[in-house]
Undergrad: 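Before anything else, here's the structure in question.
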Amino acid sequence: MKVLVISKSFSKGGSASGASNLAHALQVAGAEVICVDPRPGTPKSFLRFFERVYERLAHGAETHCLKLGPPSVDLASLSKTVKPDIIQLCDVSANTINFSQIDNTPCPVVHRLSDFWPYHGSHHYAVSPPKVGDLADYLLRSLIYTGQSKPDILVSPSDWLAERLIAGGIERDQIRVIRNAVSTPLNREPRERLGPTLRFGFIAGSIEDPRKGLKNIFPYLSELYISSSRNINIEVYLFGNPTKPKLPSIPGIKWIPSGRFSKHQMQEVFSSFDILLCPSILDNSPNVVTEALSFGIPVLAQSGTGMDSYITPETGGLLDFENPSKKNIDQFQSYISDIEGRYATYSTAALRAAKDDLSPLSIGSAYIELYADLIRVDMKNK
(Lines give C-alpha, C1' and ligand atoms only; values in the text may rest on other atoms or scores of the structure.)
Protein backbone atom coordinates (compact mmCIF):
# COMPACT_ATOMS: atom_id res chain seq x y z
CA MET A 1 0.00 0.00 0.00
CA LYS A 2 1.42 3.37 -1.06
CA VAL A 3 0.67 6.24 1.32
CA LEU A 4 1.38 9.88 0.52
CA VAL A 5 1.92 11.70 3.85
CA ILE A 6 1.69 15.50 3.69
CA SER A 7 2.51 17.91 6.52
CA LYS A 8 3.65 21.50 6.79
CA SER A 9 6.72 20.12 8.62
CA PHE A 10 8.23 16.83 9.74
CA SER A 11 10.95 18.40 11.85
CA LYS A 12 9.78 21.48 13.78
CA GLY A 13 7.22 21.56 16.58
CA GLY A 14 4.95 19.12 18.38
CA SER A 15 2.67 18.56 15.39
CA ALA A 16 5.75 17.73 13.30
CA SER A 17 6.67 15.04 15.83
CA GLY A 18 3.20 13.60 15.44
CA ALA A 19 3.56 13.56 11.64
CA SER A 20 6.99 11.93 11.81
CA ASN A 21 5.81 9.33 14.30
CA LEU A 22 2.85 8.49 12.06
CA ALA A 23 5.03 8.15 8.96
CA HIS A 24 7.37 5.84 10.89
CA ALA A 25 4.45 3.79 12.21
CA LEU A 26 3.09 3.29 8.69
CA GLN A 27 6.49 2.11 7.48
CA VAL A 28 6.79 -0.33 10.39
CA ALA A 29 3.33 -1.67 9.53
CA GLY A 30 4.48 -2.39 5.96
CA ALA A 31 3.28 0.61 3.95
CA GLU A 32 5.31 2.37 1.27
CA VAL A 33 5.45 5.94 2.59
CA ILE A 34 6.22 9.08 0.61
CA CYS A 35 6.58 12.16 2.86
CA VAL A 36 6.07 15.64 1.41
CA ASP A 37 6.37 19.00 3.11
CA PRO A 38 6.87 22.53 1.74
CA ARG A 39 10.41 23.38 0.69
CA PRO A 40 12.03 26.36 2.43
CA GLY A 41 13.54 29.14 0.37
CA THR A 42 10.93 29.06 -2.39
CA PRO A 43 8.64 31.96 -3.38
CA LYS A 44 5.75 30.09 -1.75
CA SER A 45 7.64 29.85 1.53
CA PHE A 46 8.02 33.63 1.55
CA LEU A 47 4.26 33.96 1.07
CA ARG A 48 3.77 31.65 4.07
CA PHE A 49 6.11 33.88 6.10
CA PHE A 50 4.13 37.04 5.38
CA GLU A 51 0.86 35.20 6.09
CA ARG A 52 2.21 34.09 9.47
CA VAL A 53 3.38 37.60 10.37
CA TYR A 54 -0.10 38.95 9.67
CA GLU A 55 -1.84 36.13 11.56
CA ARG A 56 0.32 36.57 14.65
CA LEU A 57 0.09 40.37 14.74
CA ALA A 58 -3.59 40.66 13.91
CA HIS A 59 -5.11 37.52 15.46
CA GLY A 60 -2.57 35.69 17.67
CA ALA A 61 -0.26 32.70 17.45
CA GLU A 62 -3.12 30.18 17.65
CA THR A 63 -4.70 31.37 14.40
CA HIS A 64 -4.32 30.39 10.74
CA CYS A 65 -6.59 32.23 8.33
CA LEU A 66 -4.75 34.03 5.51
CA LYS A 67 -3.91 32.71 2.05
CA LEU A 68 -1.75 34.67 -0.39
CA GLY A 69 -1.26 32.95 -3.73
CA PRO A 70 -1.16 29.19 -4.34
CA PRO A 71 -0.73 26.59 -1.58
CA SER A 72 2.71 25.15 -0.79
CA VAL A 73 1.84 21.68 -2.10
CA ASP A 74 -0.12 21.07 -5.31
CA LEU A 75 -2.28 18.18 -4.15
CA ALA A 76 -3.79 17.45 -7.58
CA SER A 77 -0.44 17.37 -9.39
CA LEU A 78 1.23 15.35 -6.65
CA SER A 79 -1.56 12.77 -6.71
CA LYS A 80 -1.08 12.21 -10.44
CA THR A 81 2.71 11.92 -10.10
CA VAL A 82 2.91 9.67 -7.02
CA LYS A 83 -0.30 7.66 -7.67
CA PRO A 84 -0.87 6.82 -3.99
CA ASP A 85 -3.47 4.42 -2.65
CA ILE A 86 -4.15 6.82 0.22
CA ILE A 87 -3.38 10.48 0.91
CA GLN A 88 -2.65 11.10 4.59
CA LEU A 89 -2.81 14.72 5.72
CA CYS A 90 -1.18 15.72 8.99
CA ASP A 91 -0.76 19.32 10.14
CA VAL A 92 -1.67 21.39 7.07
CA SER A 93 -2.62 24.56 8.91
CA ALA A 94 -0.27 26.89 7.02
CA ASN A 95 -1.84 26.72 3.54
CA THR A 96 0.04 23.53 2.80
CA ILE A 97 -2.72 22.31 0.46
CA ASN A 98 -5.77 23.59 -1.37
CA PHE A 99 -8.75 21.91 0.31
CA SER A 100 -10.88 22.29 -2.82
CA GLN A 101 -8.56 19.83 -4.62
CA ILE A 102 -9.60 17.03 -2.24
CA ASP A 103 -12.76 16.43 -4.30
CA ASN A 104 -10.66 15.60 -7.38
CA THR A 105 -8.09 13.24 -5.86
CA PRO A 106 -8.11 9.70 -7.32
CA CYS A 107 -7.94 8.04 -3.90
CA PRO A 108 -9.31 8.46 -0.36
CA VAL A 109 -7.98 11.29 1.81
CA VAL A 110 -7.47 11.00 5.57
CA HIS A 111 -6.70 13.92 7.88
CA ARG A 112 -4.97 13.28 11.21
CA LEU A 113 -5.78 16.23 13.46
CA SER A 114 -3.45 18.10 15.79
CA ASP A 115 -6.26 20.38 17.02
CA PHE A 116 -9.64 21.74 15.89
CA TRP A 117 -8.37 23.68 12.87
CA PRO A 118 -10.07 24.24 10.40
CA TYR A 119 -13.21 22.34 11.39
CA HIS A 120 -14.04 24.75 14.25
CA GLY A 121 -12.73 27.84 12.52
CA SER A 122 -9.41 29.63 12.32
CA HIS A 123 -8.24 29.10 15.91
CA HIS A 124 -6.35 25.94 16.88
CA TYR A 125 -8.20 25.42 20.15
CA ALA A 126 -11.67 26.77 19.46
CA VAL A 127 -13.41 23.90 21.27
CA SER A 128 -16.64 24.71 19.43
CA PRO A 129 -17.37 26.50 16.14
CA PRO A 130 -17.75 30.28 16.54
CA LYS A 131 -21.33 31.48 16.85
CA VAL A 132 -20.41 34.85 15.38
CA GLY A 133 -17.43 34.69 13.07
CA ASP A 134 -14.70 37.26 13.48
CA LEU A 135 -12.42 38.52 10.73
CA ALA A 136 -10.07 35.55 11.05
CA ASP A 137 -12.93 33.07 10.63
CA TYR A 138 -14.27 35.03 7.67
CA LEU A 139 -10.87 34.94 5.96
CA LEU A 140 -10.48 31.22 6.64
CA ARG A 141 -13.86 30.36 5.12
CA SER A 142 -13.31 32.69 2.15
CA LEU A 143 -9.70 31.82 1.31
CA ILE A 144 -8.77 28.40 2.69
CA TYR A 145 -11.56 26.11 3.87
CA THR A 146 -15.18 26.63 2.83
CA GLY A 147 -16.43 23.54 4.65
CA GLN A 148 -17.46 21.87 1.38
CA SER A 149 -14.42 19.81 0.36
CA LYS A 150 -13.78 17.45 3.25
CA PRO A 151 -11.44 14.49 3.65
CA ASP A 152 -13.06 11.04 3.66
CA ILE A 153 -12.16 10.47 7.31
CA LEU A 154 -10.79 12.60 10.14
CA VAL A 155 -8.53 10.82 12.64
CA SER A 156 -8.38 12.14 16.17
CA PRO A 157 -5.61 11.02 18.55
CA SER A 158 -7.95 11.30 21.55
CA ASP A 159 -11.59 10.81 22.51
CA TRP A 160 -11.65 14.36 23.91
CA LEU A 161 -10.92 15.94 20.52
CA ALA A 162 -13.26 13.56 18.69
CA GLU A 163 -16.24 14.20 20.95
CA ARG A 164 -15.88 17.96 20.66
CA LEU A 165 -15.64 17.77 16.90
CA ILE A 166 -18.81 15.70 16.86
CA ALA A 167 -20.53 18.21 19.17
CA GLY A 168 -19.48 20.91 16.69
CA GLY A 169 -21.20 19.22 13.76
CA ILE A 170 -18.84 16.54 12.41
CA GLU A 171 -20.73 13.31 11.73
CA ARG A 172 -19.72 10.52 14.11
CA ASP A 173 -19.06 8.09 11.25
CA GLN A 174 -16.64 10.61 9.69
CA ILE A 175 -14.15 10.47 12.55
CA ARG A 176 -11.99 7.71 14.04
CA VAL A 177 -9.90 7.70 17.19
CA ILE A 178 -6.38 6.31 16.75
CA ARG A 179 -3.87 7.31 19.40
CA ASN A 180 -0.36 8.60 18.79
CA ALA A 181 2.53 6.20 18.35
CA VAL A 182 5.75 6.31 20.34
CA SER A 183 8.95 4.35 19.77
CA THR A 184 10.38 2.43 22.72
CA PRO A 185 13.59 0.35 22.56
CA LEU A 186 12.81 -3.30 23.32
CA ASN A 187 15.65 -3.49 25.84
CA ARG A 188 14.42 -0.53 27.93
CA GLU A 189 13.74 -1.64 31.50
CA PRO A 190 11.27 -0.25 34.08
CA ARG A 191 12.55 2.60 36.19
CA GLU A 192 13.57 2.64 39.83
CA ARG A 193 13.13 5.82 41.87
CA LEU A 194 16.23 8.00 41.90
CA GLY A 195 16.33 8.36 45.68
CA PRO A 196 14.61 9.91 48.72
CA THR A 197 14.09 13.28 46.99
CA LEU A 198 10.73 13.56 45.23
CA ARG A 199 11.48 14.72 41.68
CA PHE A 200 8.83 16.06 39.31
CA GLY A 201 9.18 17.03 35.66
CA PHE A 202 7.27 19.69 33.71
CA ILE A 203 7.84 20.02 29.96
CA ALA A 204 6.42 22.66 27.59
CA GLY A 205 7.73 24.65 24.65
CA SER A 206 6.66 27.78 26.52
CA ILE A 207 6.62 27.28 30.27
CA GLU A 208 4.63 30.45 30.90
CA ASP A 209 1.91 29.67 28.32
CA PRO A 210 -1.31 29.76 30.42
CA ARG A 211 -2.66 26.83 28.41
CA LYS A 212 0.11 24.61 29.80
CA GLY A 213 -1.15 25.15 33.34
CA LEU A 214 2.11 25.51 35.28
CA LYS A 215 0.50 27.92 37.78
CA ASN A 216 -2.18 25.35 38.51
CA ILE A 217 0.30 23.01 40.20
CA PHE A 218 1.56 25.59 42.72
CA PRO A 219 -1.09 25.00 45.44
CA TYR A 220 -0.75 21.22 45.08
CA LEU A 221 3.01 21.31 45.58
CA SER A 222 2.69 23.69 48.52
CA GLU A 223 0.16 21.50 50.32
CA LEU A 224 2.16 18.38 49.51
CA TYR A 225 5.12 19.72 51.46
CA ILE A 226 3.07 21.18 54.32
CA SER A 227 0.96 18.07 54.79
CA SER A 228 3.86 15.65 54.67
CA SER A 229 4.49 13.83 57.92
CA ARG A 230 8.18 13.65 57.07
CA ASN A 231 10.76 16.18 56.01
CA ILE A 232 10.85 15.56 52.28
CA ASN A 233 12.83 17.32 49.59
CA ILE A 234 10.87 18.21 46.45
CA GLU A 235 12.50 19.22 43.17
CA VAL A 236 10.65 20.36 40.05
CA TYR A 237 12.58 20.24 36.78
CA LEU A 238 11.22 22.70 34.20
CA PHE A 239 12.08 22.10 30.56
CA GLY A 240 11.17 24.85 28.08
CA ASN A 241 11.48 28.61 27.54
CA PRO A 242 12.18 30.95 29.18
CA THR A 243 15.23 29.65 31.00
CA LYS A 244 14.51 32.05 33.89
CA PRO A 245 10.74 31.92 34.35
CA LYS A 246 8.89 33.84 37.05
CA LEU A 247 8.32 31.31 39.84
CA PRO A 248 6.89 31.68 43.34
CA SER A 249 8.89 30.86 46.42
CA ILE A 250 7.20 27.80 47.93
CA PRO A 251 8.63 26.32 51.15
CA GLY A 252 10.24 22.95 50.52
CA ILE A 253 10.11 23.28 46.72
CA LYS A 254 13.27 23.66 44.65
CA TRP A 255 12.69 24.88 41.10
CA ILE A 256 15.25 23.75 38.51
CA PRO A 257 14.69 25.55 35.16
CA SER A 258 16.61 23.62 32.50
CA GLY A 259 15.65 25.24 29.18
CA ARG A 260 14.63 23.48 26.01
CA PHE A 261 16.20 20.26 24.82
CA SER A 262 16.80 18.42 21.56
CA LYS A 263 15.70 14.93 20.64
CA HIS A 264 19.09 13.38 21.34
CA GLN A 265 18.88 14.72 24.93
CA MET A 266 15.61 12.94 25.75
CA GLN A 267 17.29 10.12 27.67
CA GLU A 268 19.05 12.62 29.92
CA VAL A 269 15.90 14.71 30.41
CA PHE A 270 13.56 11.87 31.32
CA SER A 271 16.17 10.32 33.58
CA SER A 272 16.25 13.45 35.75
CA PHE A 273 12.81 13.06 37.39
CA ASP A 274 10.44 10.36 38.64
CA ILE A 275 6.95 11.72 37.88
CA LEU A 276 5.75 13.89 34.99
CA LEU A 277 3.25 16.61 35.85
CA CYS A 278 1.13 17.57 32.85
CA PRO A 279 -1.57 20.08 33.92
CA SER A 280 -2.14 21.29 30.34
CA ILE A 281 -5.78 22.32 29.96
CA LEU A 282 -6.12 22.35 26.15
CA ASP A 283 -4.14 19.52 24.61
CA ASN A 284 -5.62 16.69 22.61
CA SER A 285 -2.62 14.39 23.15
CA PRO A 286 0.74 15.89 24.17
CA ASN A 287 3.72 13.98 22.80
CA VAL A 288 5.44 14.47 26.14
CA VAL A 289 2.93 12.10 27.77
CA THR A 290 3.62 9.23 25.39
CA GLU A 291 7.35 9.92 25.63
CA ALA A 292 7.21 9.78 29.43
CA LEU A 293 5.40 6.43 29.27
CA SER A 294 8.06 5.15 26.87
CA PHE A 295 10.68 5.88 29.54
CA GLY A 296 8.63 4.10 32.20
CA ILE A 297 7.67 7.34 33.99
CA PRO A 298 4.25 7.66 35.69
CA VAL A 299 2.20 10.71 34.69
CA LEU A 300 -0.20 12.90 36.66
CA ALA A 301 -2.26 14.82 34.12
CA GLN A 302 -5.17 17.23 33.80
CA SER A 303 -8.47 15.38 33.58
CA GLY A 304 -11.11 16.20 30.98
CA THR A 305 -8.54 16.53 28.18
CA GLY A 306 -7.02 14.34 25.50
CA MET A 307 -4.77 12.80 28.12
CA ASP A 308 -7.77 10.81 29.38
CA SER A 309 -7.14 8.52 26.38
CA TYR A 310 -3.57 7.78 27.48
CA ILE A 311 -3.33 7.74 31.28
CA THR A 312 -4.78 4.82 33.25
CA PRO A 313 -4.85 4.06 37.01
CA GLU A 314 -1.92 1.72 36.35
CA THR A 315 0.27 4.34 34.66
CA GLY A 316 -0.51 7.44 36.74
CA GLY A 317 -3.56 9.53 37.53
CA LEU A 318 -5.97 12.17 36.23
CA LEU A 319 -6.75 15.24 38.28
CA ASP A 320 -8.48 18.60 37.91
CA PHE A 321 -5.46 20.82 38.56
CA GLU A 322 -7.56 23.89 37.71
CA ASN A 323 -9.64 23.39 40.84
CA PRO A 324 -7.38 23.15 43.94
CA SER A 325 -10.17 22.03 46.26
CA LYS A 326 -9.37 20.03 49.39
CA LYS A 327 -10.75 16.93 47.68
CA ASN A 328 -8.45 17.35 44.68
CA ILE A 329 -5.42 18.19 46.81
CA ASP A 330 -6.08 15.08 48.91
CA GLN A 331 -6.37 13.06 45.69
CA PHE A 332 -3.05 14.45 44.47
CA GLN A 333 -1.36 13.47 47.71
CA SER A 334 -2.93 10.01 47.50
CA TYR A 335 -1.56 9.57 43.98
CA ILE A 336 1.92 10.61 45.11
CA SER A 337 1.87 8.29 48.09
CA ASP A 338 0.78 5.31 46.00
CA ILE A 339 3.28 6.00 43.21
CA GLU A 340 6.09 6.35 45.76
CA GLY A 341 5.13 3.08 47.42
CA ARG A 342 4.72 1.09 44.21
CA TYR A 343 7.01 2.92 41.82
CA ALA A 344 8.33 -0.17 40.04
CA THR A 345 4.76 -1.37 39.39
CA TYR A 346 3.74 1.97 37.86
CA SER A 347 6.91 2.16 35.80
CA THR A 348 6.40 -1.37 34.47
CA ALA A 349 2.81 -0.57 33.46
CA ALA A 350 3.86 2.70 31.76
CA LEU A 351 6.54 0.95 29.76
CA ARG A 352 4.19 -1.88 28.82
CA ALA A 353 1.54 0.59 27.60
CA ALA A 354 4.11 2.33 25.38
CA LYS A 355 5.62 -0.89 24.02
CA ASP A 356 2.32 -2.63 23.36
CA ASP A 357 -0.63 -0.25 22.98
CA LEU A 358 1.25 2.73 21.52
CA SER A 359 3.94 0.95 19.54
CA PRO A 360 4.52 2.02 15.93
CA LEU A 361 3.42 -1.44 14.75
CA SER A 362 0.15 -1.27 16.71
CA ILE A 363 -0.74 2.27 15.66
CA GLY A 364 0.49 1.82 12.08
CA SER A 365 -1.61 -1.34 11.73
CA ALA A 366 -4.70 0.53 12.93
CA TYR A 367 -4.17 3.11 10.18
CA ILE A 368 -3.56 0.41 7.55
CA GLU A 369 -6.80 -1.27 8.56
CA LEU A 370 -8.65 2.04 8.21
CA TYR A 371 -7.05 2.67 4.81
CA ALA A 372 -8.05 -0.79 3.58
CA ASP A 373 -11.68 -0.15 4.53
CA LEU A 374 -11.67 3.20 2.73
CA ILE A 375 -10.09 1.73 -0.40
CA ARG A 376 -12.70 -1.06 -0.51
CA VAL A 377 -15.53 1.48 -0.30
CA ASP A 378 -13.84 3.68 -2.91
CA MET A 379 -13.43 0.76 -5.33
CA LYS A 380 -17.04 -0.29 -4.81
CA ASN A 381 -18.31 3.24 -5.55
CA LYS A 382 -16.26 3.39 -8.76
Side-chain angles (χ1 to χ4, degrees), residues 3 5 7 14-15 17-26 28-29 31 86-93 108-120 124-129 150-183 278 280-294 299 301-316 318 350 352-377:
V3 185
V5 182
S7 179
S15 57
S17 295
S20 297
N21 290 341
L22 173 54
H24 174 64
L26 294 174
V28 171
I86 287 283
I87 295 174
Q88 174 66 62
L89 305 177
C90 293
D91 182 9
V92 291
S93 58
V109 178
V110 178
H111 190 182
R112 174 198 173 275
L113 304 180
S114 298
D115 45 53
F116 296 101
W117 190 95
Y119 306 102
H120 278 182
H124 289 188
Y125 282 97
V127 294
S128 60
K150 297 180 180 179
D152 296 87
I153 288 290
L154 306 180
V155 173
S156 166
S158 70
D159 292 304
W160 176 79
L161 181 62
E163 289 302 319
R164 278 153 184 77
L165 285 167
I166 291 167
I170 301 295
E171 296 293 332
R172 187 171 292 274
D173 62 357
Q174 291 303 112
I175 190 164
R176 301 286 187 277
V177 176
I178 303 178
R179 291 181 293 175
N180 288 339
V182 64
S183 295
C278 198
S280 183
I281 59 176
L282 275 179
D283 266 311
N284 73 83
S285 55
N287 290 315
V288 66
V289 170
T290 59
E291 290 164 355
L293 296 177
S294 76
V299 180
Q302 173 68 38
S303 60
T305 68
M307 291 176 284
D308 291 9
S309 297
Y310 293 81
I311 305 303
T312 67
E314 291 75 33
T315 61
L318 296 165
R352 184 185 301 117
K355 286 184 175 180
D356 296 342
D357 302 336
L358 303 177
S359 71
L361 178 59
S362 176
I363 301 303
S365 297
Y367 272 92
I368 295 297
E369 183 178 350
L370 171 62
Y371 296 161
D373 289 342
L374 292 174
I375 291 172
R376 280 193 291 270
V377 172

Undergrad: Roughly how far apart are I166 CD1 and Y119 OH, rounded to 0.5 Å?
TA: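 Here the rounded value is 14.0 Å.
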Undergrad: Between H120 (side chain only) and A126 (backbone N and O only), is there a donor and an acceptor less than 3.5 Å apart?
TA: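 Side chain of H120 to backbone of A126: a pair is present.
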Undergrad: Hey, mind stepping through Y367 and V155 against side-chain contact (heavy atoms from CB on, under 4.5 Å) and telling me if it holds?
TA: CA-CA 9 Å; Y367 272 92; V155 173; 3.2 Å; yes
Undergrad: Looking at every heavy atom in both V299 and C278, which two are closest together, and how far apart are they?
TA: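 Taking V299 first and C278 second, the nearest heavy atoms are CG1-CB, 4.4 Å.
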Undergrad: Could you tell me which non-hydrogen atom of F116 sits nearest to which non-hydrogen atom of R164, and how far apart they are?
TA: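 That closest heavy-atom pairing would be CE2-CB, 3.6 Å.
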Undergrad: Taking only residues two or more places apart in sequence, or in another chain, which ones meet S285 in a side chain to side chain donor-acceptor pair (under 3.5 Å)?
TA: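 If we apply the side chain to side chain donor-acceptor pair (under 3.5 Å) test to S285, skipping adjacent residues, the hits are N180.
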Undergrad: Please, which pairs that meet salt bridge (Lys or Arg N to Asp or Glu O under 4.0 Å) have at least one residue in residues 150-162, sequence neighbours excluded?
TA: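 Residue pairs passing salt bridge (Lys or Arg N to Asp or Glu O under 4.0 Å), neighbours aside: none found.
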Undergrad: Using side-chain heavy atoms (C-beta onward) and a distance below 4.5 Å, is D283 in contact with T305?
TA: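 The answer is no, as the side chains (C-beta and beyond) never meet within the 4.5 Å cut-off.
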Undergrad: Ignoring hydrogens and angles, tell me if any N or O in the side chain of S365 forms a donor-acceptor pair with the backbone of A29 under 3.5 Å.
TA: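 No, S365 side chain to A29 backbone: no donor-acceptor pair under 3.5 Å.
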Undergrad: Supply the atom-to-atom distance E163 CD to L161 CG, rounded to the nearest 0.5 angstrom.
TA: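 The CG atom of L161 is 10.0 Å from CD of E163, to the nearest 0.5 Å.
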Undergrad: Less than 4.5 Å apart, side chain to side chain, heavy atoms only: is that true for N284 and L113?
TA: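 Side chain of N284 against side chain of L113, heavy atoms only: no contact under 4.5 Å found.
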Undergrad: Report the distance from atom CD1 of I178 to atom OG of S362, rounding to the nearest 0.5 Å.
TA: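 It is 10.0 Å, given to the nearest 0.5 Å.
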Undergrad: Would H24 and N21 count as a side-chain contact (heavy atoms from CB on, under 4.5 Å) here? Give the steps.
TA: CA-CA 5 Å; H24 174 64; N21 290 341; 5.7 Å; no
Undergrad: Write down the atom of V182, the atom of P360, and the distance for their closest heavy-atom approach.
TA: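 Closest pair (atom of V182, atom of P360, distance): O-CD, 3.3 Å.
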Undergrad: Distance-only, no hydrogens or angles: does the R179 side chain make a donor-acceptor pair with backbone N or O of L358 under 3.5 Å?
TA: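 No; zero donor-acceptor contacts below 3.5 Å.
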Undergrad: Say whether, by atom type as modelled, one donor and one acceptor occur between the side chain of H111 and the main chain of C90 under 3.5 angstrom.
TA: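 Pair found, side chain donor or acceptor close to backbone of C90.
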Undergrad: Can you name the closest pair of heavy atoms from A19 and S7 and give their distance?
TA: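 That would be CB-OG, 3.8 Å.
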Undergrad: Shortest non-hydrogen contact from R112 to Q88?
TA: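 Closest heavy-atom pair between R112 and Q88: N-NE2, 3.3 Å.
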Undergrad: Side chain of S20, backbone of S17: donor and acceptor closer than 3.5 Å?
TA: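 Not at all, since once roles are kept as given, no pair shorter than 3.5 Å links the two residues.
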Undergrad: Which residue in the set V110, I87, V109 passes side chain to side chain contact (heavy atoms under 4.5 Å, CB included) when paired with P151?
TA: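 Output: one option passes, namely V109.
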Undergrad: Step by step, would you call L282 with W160 a side-chain contact (heavy atoms from CB on, under 4.5 Å)?
TA: CA-CA 10 Å; L282 275 179; W160 176 79; 3.8 Å; yes
Undergrad: Carefully, step by step, assess L26 and V5 under the rule side-chain contact (heavy atoms from CB on, under 4.5 Å).
TA: CA-CA 10 Å; L26 294 174; V5 182; 4.0 Å; yes
Undergrad: Within the 3.5 Å criterion, strictly below it, is a donor on T315 or T312 matched to an acceptor on the partner's side chain?
TA: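 T315 vs T312: donor-acceptor pair found between side chains.
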Undergrad: Just to verify, what does E369 make a side chain to side chain donor-acceptor pair (under 3.5 Å) with, not counting sequence neighbours?
TA: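 E369 satisfies side chain to side chain donor-acceptor pair (under 3.5 Å) with no other residue.
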Undergrad: Taking all non-hydrogen atoms of both residues into account, name the closest pair between S303 and D308 and its distance.
TA: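 Heavy-atom minimum between the residues: CA-OD1, 3.6 Å.
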